[in-house]
Amino acid sequence: MTVQQMEFKAEVKQLLELMIHSLYSHKEIFLRELISNASDAIDKARYEALTRKEIGEAAGEWQIRLTADKDAGTLTISDNGIGMTKDELIEALGTIAHSGTKEFLRAVQERNKEANPELIGQFGVGFYSAYMVADRVTVVTRKAGTDAGAGVKWESTADGTFAVEETDKTGQGTDVVLHLKGEEKKYLDEWELRTIVTKYSDYIDHPIVMEVERKKPDAFDKDKTVSVREDEVLNSRKAIWLRDKAEISDGDYSEFYKHISHDFNAPSKVIHYRAEGTSEFTALLFIPEKVPYGIFFKEFKVGPTLYVRRVQIMEHCEELIPPYLRFIKGVVDSSDLPLNVSREILQSNRQIETIRKSLTKKVLDTLAELKKDEPEKYRSFFSEFGRILKEGIHYDFAKKEQIADLLLFPSTKTEEGKLTTFGGYVDAMKPDQEEIYYATGTSLDEVRKSPYLEAFREKDLEVLIMLDEIDDIIMGSLREYKGKKLKSITRGDIKLDKEESSAASAKEGKETFARLLAVMKDILKDEVKDVRLSGRLRDSACCLVTDEGGIDPNMEKLMKAMGQDVPANLRIFEINAGHPVVGAMNAIVGDETKKELLSQYTEMLYSQALILEGSKPRDPAAFAKNLSRLMTESLSKG
Ligand code: ADP
Ligand code: MG
């Protein structure tokens with residue numbers, strides 16, 4: 001049989017370098033990682049065995065076995081799970097970099113690992129962590145359902161290459177043989193291994209078995225003892241979600257969470273409950289602390305792991321949670337689903353529907369509690385996941401008010417670093433205020449200085465500030481909160497003056513400026529839908545607003561970035577009748593000698609409005625040139 005020598009992928013090489021030369025603490029986590037892989041492999045085989053009996057029969061009892069060989073200096077972790085084919089083996093252990101690798105490398109490089117010994121323990125660094133304690137690792141594996149001749153052997157001293165050859169193997173599954181480094185021989189010691197297993201892998205569903213030596217009284221002579229070797233199960237095996245909450249420590253929850261999520265951080269919130277009645281199930285859910293890399297991509301796998309009576313059916317069951325809660329991790333163990341549920345059945349299953357409703361309610365209730373009881377923690381949750389959560393307003397009609405209650409925003413009245421809510425806003429509304437005002441934009445600073453706010457500031461009206469690109473759509477779906485309409489201040493007409501006198505002066509204004517408006521409209525006819533006098537401006541000369549029902553500029557940018565066609569969407573150009581430049585322009589309307597000048601000024605005003613809304617003037621060069629010319633003229637006049 002031929003031995004194939006192959007190169008590790010560059011990232012894997014880097015990872016191995018680190019494992020060998022830089023990581024000195026928490027080395028014992030290698031065992032957690034290898035046991036976790038063995039457990040995953042058994043879960044997969046057990047699931048296969050539901051439809052292919054021979055796989056279960058070949059396995060006998062599912063188990064993970066630790067074998068410490070003191071003479072050879074090896075520790076072997078064996079499982080009778082799914083195993084790997086040659087191609088799978090080459091991929092999994094050498095040629096593809098797995099999910100956490102990049103983040104791990106970055107974190108280790110960024111921080112001083114000597115000063116942060118805990119860091120290492122936080123990472124699910126996977127199979128390669130074996131090289132923290134071994135200088136050579138041999139993997140012998142055989143895919144479930146194949147015969148004894150189909151085994152494959154992998155071996156590497158982590159020198160940049162690995163060797164693969166075909167071999168015989170009795171029994172399906174995988175043996176990982178660690179040739180321990182001289183100074184790491186303590187991992188052959190029974191008590192050491194037992195302690196590590198209890199600490200990190202106690203909840204593993206499958207028995208972790210080790211042959212141990214025990215002294216027993218001699219059957220013939222009571223005064224003597226004899227040594228016997230017997231198998232002992234090291235873990236308590238109780239699926240953590242089925243255990244009594246009172247018995248479970250935060251540390252237990254964290255370990256389990258890290259095992260299922262491959263996250264490096266502890267979860268920020270644990271939700272653990274049992275539902276009885278129409279549908280019986282246990283749920284153990286986690287809210288992560290940080291947005292996992294990739295969550296915004298389509299390929300990102302979401303949903304808790306689905307178990308039926310402790311048998312794992314599916315790792316990511318997306319039918320169990322609505323998309324706007326896709327950051328939730330965890331386990332759902334149902335007592336009443338059939339074991340052979342398939343994806344197709346799941347999509348139209350009433351039980352699943354009931355479970356999803358229950359989980360949704362529970363998560364939203366938990367978030368509401370968190371917001372009330374631990375505002376700081378909730379804030380950091382919201383800054384990570386708020387953008388995803390608010391999608392629910394658009395997609396889940398029944399829950400939109402409840403989700404709206406969970407949103408946080410800065411406003412024109414919040415202090416530096418503080419946020420408000422719809423509830424807080426409504427409580428502070430002026431007695432005669434009927435609408436909830438909001439402004440969208442890309443940065444807090446930009447919105448705070450924006451001309452759209454001038455009239456609101458003058459009238460001391462609070463305006464919520466929304467900075468996510470999707471906010472405009474979300475608010476469009478929400479429409480109102482507690483009977484108060486939501487009103488975008490960059491959209492439609494704004495009439496803050498209710499008094500008779502100002503209505504009269506508005507009418508008068510319209511007449512005075514009628515010709516100017518008409519001329520401007522003609523000049524800008526391809527650019528804007530209308531030119532009108534503004535009800536929202538005080539100090540600034542002009543601004544652009546979106547028509548009621550139109551697409552706002554942020555949304556337009558987002559749609560373009562996503563490669564979508566954006567419908568023609570002309571905006572409305574508003575000018576401030578009270579501004580001197582507008583007054584001066586009005587004075588030259590009709591003066592044939594100033595016609596060209598008026599046209600130029602109109603263009604310049606329009607360019608300013610574009611800049612103010614965060615867009616570019618349509619002819620930046622001409623704008624800059626005109627501005628410079630005006631500056632020169634004004635300076636030379638003294
Ligand atoms: P992860 O478990 O996060 O995928 P690992 O580095 O721990 O990353 O393992 C890499 C891959 O190697 C696994 O995804 C799996 O495909 C394969 N693998 C590792 N150990 C086993 C095993 N005992 N049985 C079957 N496959 C395994
Ligand atoms: Mg793993």
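Each ligand, and each atom within it, is numbered from 1 in the order the structure gives.
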| task | Decide, yes or no, whether a salt bridge links R65 with D231 under the criterion of side-chain N to carboxylate O below 4.0 Å. | result |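 Looking at R65 and D231, the cut-off is met.
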| Should E376 and R379 count as an ion pair when the cut-off is N to O under 4.0 Å? |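 Between R379 and E376 there is no salt bridge, as every charged N stays at least 4.0 Å from the carboxylate O atoms.
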| field | Ligand-residue contact atoms, ligand 1 with G126, heavy atoms, under 4.0 Å | value |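 So the answer, numbered in order with elements, is 5 (P), 6 (O), 7 (O).
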| Contact atoms of ligand 1, heavy-atom distance to A92 under 4.0 Å |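 Listed by number with element, the hits are 11 (C), 12 (O), 16 (O), 17 (C).
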| task | Report yes or no: does N37 have an N/O/S atom closer than 2.8 Å to the Mg ion (ligand 2)? | result |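 Under 2.8 Å: N37 contacts the Mg ion (ligand 2) through an N, O or S atom.
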Short N/O distance, under 3.5 Å, between [X] and ligand 1?
{"X": "N37", "value": "yes"}
{"X": "F127", "value": "yes"}
{"X": "D79", "value": "yes"}

| query | What do we get for L93 next to ligand 1 when only non-hydrogen atoms under 4.0 Å count, side chain, backbone, both or neither? | reply |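 For L93, the contact with ligand 1 is made by the side chain alone.
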| At a non-hydrogen distance cut-off of under 4.0 Å, which region of M84 contacts ligand 1 (side chain, backbone, both, or neither)? |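 Side chain only.
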Aromatic plane relationship, [Y] with [X] - under 30° parallel, 30 to 60° tilted, over 60° perpendicular:
{"X": "F286", "Y": "F256", "value": "tilted"}
{"X": "W154", "Y": "F127", "value": "perpendicular"}
{"X": "Y378", "Y": "F381", "value": "tilted"}

| query | Can any side-chain N or O of K185 pair as donor or acceptor with the backbone N or O of L180 at less than 3.5 Å? | reply |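 It does hold such a pair.
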